[in-house]
Amino acid sequence: MGKTYERIEGRLRAFIEEQPVFFTATAPLSADGTVNLSPKGLKGSFAVLDELTVAYLDFAGSNAETVAHLRENGRITLMWCAFQGPPNIVRVHGRGEPVFRDDPRFKELLAHFPAIDPWTHGLRAVVVVHAELIRDTCGYAVPYMAYEGERDLHEKRFAREDDVSLDAYFTKKEHVATSLDGLPGLPLPLPPSSM
C-alpha cells in the first residue's frame, strides 16, 4: 500500500505540483506544546527546488506557529492528498527553515515562484524543507472534492499593505512574534526586503 521514495521526481513530483492545496504539520519540543497543522494554497506559492528540497511562500496571517516551531527544532511534515483522480497521499518528512526577507538567499529563492506576486500577499518568509523521508499511501478514504478556483480574499486584504503597515499588523497580533507556547515566531520589526 505505501511506498518510500529516494527523491522527489517523475510521477511523484508531478502529483505534488498539481495539487491546489497541501498541509504542513509542526510541533514544539515540549511534550505539552501545541501541535500545529496548517493548510496552504495559492497557485504558484509552492516549488520543488531539487530532488530533495521543496519550498513555499509564507504569507501574512494571524499566527506564526510553523515559523516558531521551525526556528526551535526544524521538524516539519508536508502532506498532499488527491481529491480528484486516483487516490493518493504523499508525505514529505524533513527539516525546514524559514528564510526571512533580509536573508541574502531570499532573492534567489523568490525566483522559483514566477507565477505569483508575493508582495500582494504580505510575504513574510520562504520556508525551505529538506526531505528526510518521502512516502506515499493509498488515500482510499479521502473523498472526491472539486477544485473551483482560488479565493481572492487574501490578496485583496494584504495588497494594500506596505512594509510599515504590515509590520504594524503583525505587531498587534498576539501570536505572530511569539507562538501559542511562547516560542519566538516572526522576527519583528518586520525585516525589510533584500530585493
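Side chains included, hydrogens not; waters and symmetry mates left out as well; all remaining heavy atoms used. If you read the sequence from its start, that first residue is 1, and numbering goes on from there. Predicted, not measured: the structure shown is a model, and the values here were computed from it.
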> What distance separates Leu186 CG from Thr171 OG1, expressed to the nearest 0.5 Å?
Replying inline: 9.0 Å
>> Are Tyr169 and Ser62 packed together at the side-chain level, in the sense that at least one heavy-atom pair is separated by less than 4.5 angstrom?
In response: yes
> Under 4.5 Å between any side-chain heavy atoms of Leu123 and Leu110, yes or no?
Replying inline: yes
>> Using side-chain heavy atoms (C-beta onward) and a distance below 4.5 Å, is His69 in contact with Val35?
In response: no
>> Is there a side-chain contact between Arg105 and Val126 in this structure, where contact means two heavy atoms from C-beta onward sitting under 4.5 Å apart?
In response: no
> What do the steps show when you test Ile8 against Val54 for side-chain contact (heavy atoms from CB on, under 4.5 Å), and what is the final call?
Replying inline: CA-CA 9 Å; Ile8 301 166; Val54 299; 3.7 Å; yes
>> Quick one: does any side-chain atom of Ser45 pair with a main-chain N or O of Gly41 as donor and acceptor, under 3.5 Å?
In response: yes
> Are side-chain heavy atoms of Val129 and Leu70 found at a separation under 4.5 Å?
Replying inline: no
> Which pair of non-hydrogen atoms, one from Pro28 and one from Gly33, has the smallest distance, and what is that distance?
Replying inline: CG-CA, 3.5 Å
> Does some side-chain heavy atom of Asn88 sit less than 4.5 Å from a side-chain heavy atom of Arg11?
Replying inline: yes
> Taking everything shown except Tyr147 itself, do over 12 heavy atoms lie less than 6.0 Å from its OH?
Replying inline: yes
>> Check for me, please, whether Val48 and Val127 land in the same ILVMFWY cluster - side-chain distances under 4.5 Å, paths through other members count.
In response: yes
>> Looking at every non-hydrogen atom in both residues, tell me the closest pair between Thr34 and Asp181 and how far apart they are.
In response: N-OD2, 2.7 Å
> Yes or no on salt bridge (charged side-chain N to carboxylate O under 4.0 Å, His left out) for Lys3 and Asp136, after CA distance, side-chain angles and deciding distance?
Replying inline: CA-CA 6 Å; Lys3 181 178 176 183; Asp136 72 358; over 6 Å; no
>> Restricting to non-hydrogen atoms, name the atom on Leu12 and the atom on Ile134 that form the minimum distance, rounded to 0.1 Å.
In response: CD2-CG2, 3.5 Å
> Is there a path of hydrophobic side-chain contacts, each under 4.5 Å between heavy atoms of I, L, V, M, F, W or Y residues, that connects Leu42 with Leu49?
Replying inline: yes
> About how many Å separate CG of Leu57 and NE2 of His112, when rounded to the nearest 0.5 Å?
Replying inline: 11.0 Å
> Does a side chain donor of either Tyr5 or Arg13 reach within less than 3.5 Å of an acceptor in the other side chain?
Replying inline: no
> Hey, any chance Val67 and Leu180 share a hydrophobic cluster, counting ILVMFWY side chains that come within less than 4.5 Å of each other, even indirectly?
Replying inline: no
>> Are the side chains of Met145 and Gln84 in contact, using a 4.5 Å heavy-atom criterion?
In response: no
> Mind checking whether Trp119 and Phe106 have parallel, tilted or perpendicular rings, split at 30° and 60°?
Replying inline: tilted
> If you measure from CG on Asp167 to CG on Leu188, what distance do you get to the nearest 0.5 Å?
Replying inline: 5.5 Å
> Closest heavy-atom contact between Phe59 and Arg124?
Replying inline: O-NE, 3.2 Å
>> What I'd like to find out is whether the side chain of Lys40 reaches to under 4.5 Å of the side chain of Thr24, using heavy atoms alone.
In response: yes
> So which heavy atom on Phe158 is nearest to which on Ala60, and how close?
Replying inline: CE2-CB, 3.4 Å
>> To the closest 0.5 Å, what do you measure between OH (Tyr56) and CZ (Phe22)?
In response: 6.0 Å
> Aromatic rings His154 and His121: how do their planes relate, parallel, tilted or perpendicular, breaks at 30° and 60°?
Replying inline: parallel
> Is a donor on one side and an acceptor on the other found under 3.5 Å between the side chain of Arg75 and the backbone of Ala27?
Replying inline: yes
> Nearest heavy-atom pair of Pro86 and Ala82: which atoms, and what distance?
Replying inline: O-CB, 3.4 Å
> What distance separates Asp50 CG from His130 NE2, expressed to the nearest 0.5 Å?
Replying inline: 8.5 Å
> Just how far is it from atom OG1 of Thr77 to atom NE2 of His93, taken to the nearest 0.5 Å?
Replying inline: 5.0 Å
> What about Ile89 and Phe23, same hydrophobic cluster or not, with Ile/Leu/Val/Met/Phe/Trp/Tyr joined at side-chain heavy-atom distances under 4.5 Å?
Replying inline: yes
> Given Leu183 and Arg71, is the side-chain contact (heavy atoms from CB on, under 4.5 Å) satisfied, shown in steps?
Replying inline: CA-CA 9 Å; Leu183 297 172; Arg71 290 181 70 189; over 6 Å; no
> Would Ile16 end up clustered with Phe83 when hydrophobic side chains under 4.5 Å apart are linked, directly or stepwise?
Replying inline: no
>> Tell me whether the rings of Phe46 and Trp80 are parallel (<30°), tilted (30 to 60°) or perpendicular (>60°).
In response: perpendicular
> With sequence neighbours excluded, what pairs up with Arg160 under the side-chain contact (heavy atoms from CB on, under 4.5 Å) test?
Replying inline: Arg157
> Under 6.0 Å from the CD atom of Glu150, do we count more than 12 heavy atoms belonging to anything else shown?
Replying inline: yes
